[in-house]
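Residue indices begin at 1 and follow the sequence shown.
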Amino acid sequence: MKAIAKFKDLLLDINGNGIVSLIVESFRQVQELKQLDTSKVYSLEIKEVKSKRSLEQNKLLWKLLSEIDTVMNGGRSDDVMNIYTMALEKANAKFEYIGALPQAEEMLKQNFRAVKFIKKIDLNGKEGNMYKCFIGSSKMDTKEMSLLIDTAMDMAEQIGINTDWYREQFE
């Protein structure tokens with residue numbers, strides 16, 4: 001069974017074992033919890049609930065970025081990431097500058113959502129590269145995500161894309 005709950009508190013019994021209190025608002029889930037056998041041991045996984053609105057916003061953002069790519073580049077799939085990187089940069093999204101050997105670029109791309117080559121640098125006598133590495137929209141809070149969406153909207157409007165439908169969806 002899966003349940004959505006809000007953490008209330010943590011108590012300790014006489015042996016130091018944790019007793020977790022959760023608030024479950026769903027009537028159906030409460031009824032299911034009442035049916036649990038107290039003589040059995042259960043596995044419990046706790047993770048933060050992602051907002052469906054945020055997931056929908058992310059889908060719409062990528063749809064808009066793809067539309068920008070189609071207008072700007074004819075819709076070549078590898079260019080969508082370039083559009084995304086441009087939007088992150090224009091929105092002043094969180095990033096780290098990282099100096100690395102050129103062969104480390106693929107590893108950076110596997111560990112960061114977007115990676116932009118900045119310039120060649122000297123790394124202790126070896127030829128290296130400076131990269132701007134973005135964490136990406138999946139790690140943004142709602143304020144940062146709103147700014148990124150507004151930035152993508154501005155980019156779209158600047159190249160003649162009507163954003164009325166997107167604006168309605170993001171409200």
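The salt bridge (charged side-chain N to carboxylate O under 4.0 Å, His left out) contacts involving residues 121-137 comprise Glu89-Lys132, Lys120-Glu127, where partners must be two or more places apart or lie in separate chains.
Ile83 has its side chain within reach of Met155: a pair of non-hydrogen atoms, C-beta onward, lies under 4.5 Å apart. Under the 4.5 Å side-chain criterion, counting only non-hydrogen atoms from C-beta, Ile4 is not in contact with Ser26. Contact of the Leu147 side chain with the Met140 side chain is not registered, since no non-hydrogen atoms from C-beta on lie closer than 4.5 Å.
Hydrophobic clustering (ILVMFWY, side-chain heavy atoms < 4.5 Å, transitive): Ile118 and Ile98 are in distinct clusters. Residues Met130 and Ile135 do not share a hydrophobic cluster, defined by chaining ILVMFWY side chains whose heavy atoms lie under 4.5 Å apart. Tracing side-chain contacts under 4.5 Å through hydrophobic residues (I, L, V, M, F, W, Y), one reaches Val30 starting from Tyr42; they form part of the same cluster. The same ILVMFWY cluster, assembled from side-chain heavy atoms under 4.5 Å apart, contains both Trp165 and Leu64. The hydrophobic cluster containing Ile121 does not contain Tyr131, counting ILVMFWY residues as joined when their side-chain heavy atoms lie under 4.5 angstrom apart, directly or transitively.
Not counting sequence neighbours, Lys63 has no partner by the salt bridge (Lys or Arg N to Asp or Glu O under 4.0 Å) test. Residues passing the side chain to side chain donor-acceptor pair (under 3.5 Å) test with Glu157, sequence neighbours excluded: Thr163, Arg167. With sequence neighbours excluded, the residues that form a side chain to side chain donor-acceptor pair (under 3.5 Å) with Glu32 are Arg28. When the ring pair (Phe, Tyr, Trp, His ring centres under 6.0 Å) test is applied to Trp62, the partners found at least two apart in sequence or on another chain are Tyr84. In this structure Phe95 satisfies the ring pair (Phe, Tyr, Trp, His ring centres under 6.0 Å) test together with Tyr97, Phe134, sequence neighbours excluded. For Lys139, the side chain to side chain donor-acceptor pair (under 3.5 Å) test picks out no residue, with sequence neighbours left out. Under the side chain to side chain donor-acceptor pair (under 3.5 Å) criterion, Asp37 pairs with Ser39, sequence neighbours left out. Judged as a side chain to side chain contact (heavy atoms under 4.5 Å, CB included), and not counting sequence neighbours, the contacts of Lys47 are Glu45.
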Where do Glu144 and Leu148 land on the side chain to side chain contact (heavy atoms under 4.5 Å, CB included) test, with the steps shown first?
CA-CA 6 Å; Glu144 293 165 329; Leu148 180 60; over 6 Å; no

Which is it for Met72 and Asp79 under the side chain to side chain contact (heavy atoms under 4.5 Å, CB included) test, yes or no, and what are the steps along the way?
CA-CA 9 Å; Met72 288 179 69; Asp79 288 335; over 6 Å; no

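Across Gly128 and Leu123, no two heavy atoms sit closer than the pair CA-CD1, 3.7 Å. Residues Ala87 and Thr151 approach most closely at O-CG2, 3.7 Å, considering heavy atoms.
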Report all side-chain donor-acceptor pairs from residues 14-23 shorter than 3.5 Å, counting only partners two or more places apart or in another chain.
from, atom 1, to, atom 2, distance (Å)
Asn17, ND2, Asp13, OD2, 3.3
Ser21, OG, Asp9, OD1, 3.0

Side-chain donor-acceptor distances from residues 107-115 under 3.5 Å, at least two apart:
from, atom 1, to, atom 2, distance (Å)
Lys109, NZ, Glu105, OE2, 3.1
Asn111, ND2, Met107, O, 2.8

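If you chain together ILVMFWY residues whose side-chain heavy atoms come under 4.5 Å of each other, Leu44 ends up grouped with Ile46.
At most 12 non-hydrogen atoms from other residues, nucleotides or ligands lie less than 6.0 angstrom from CD of Glu25. Other residues, nucleotides and ligands contribute only 12 or fewer heavy atoms inside 6.0 Å of the CZ atom of Phe27.
Atom CG of residue Leu65 and atom CE of residue Met81 lie 9.5 Å apart, to the nearest 0.5 angstrom. Here Thr70 contributes atom OG1 and Ile159 contributes atom CD1; the two are 9.0 Å apart, rounded to the nearest 0.5 Å. Atom-to-atom distance recorded for Lys90:NZ and Asn92:CG is 13.0 Å, nearest 0.5 angstrom. In this structure, CG on Leu36 lies 6.5 Å from CE on Met1, to the nearest 0.5 angstrom.
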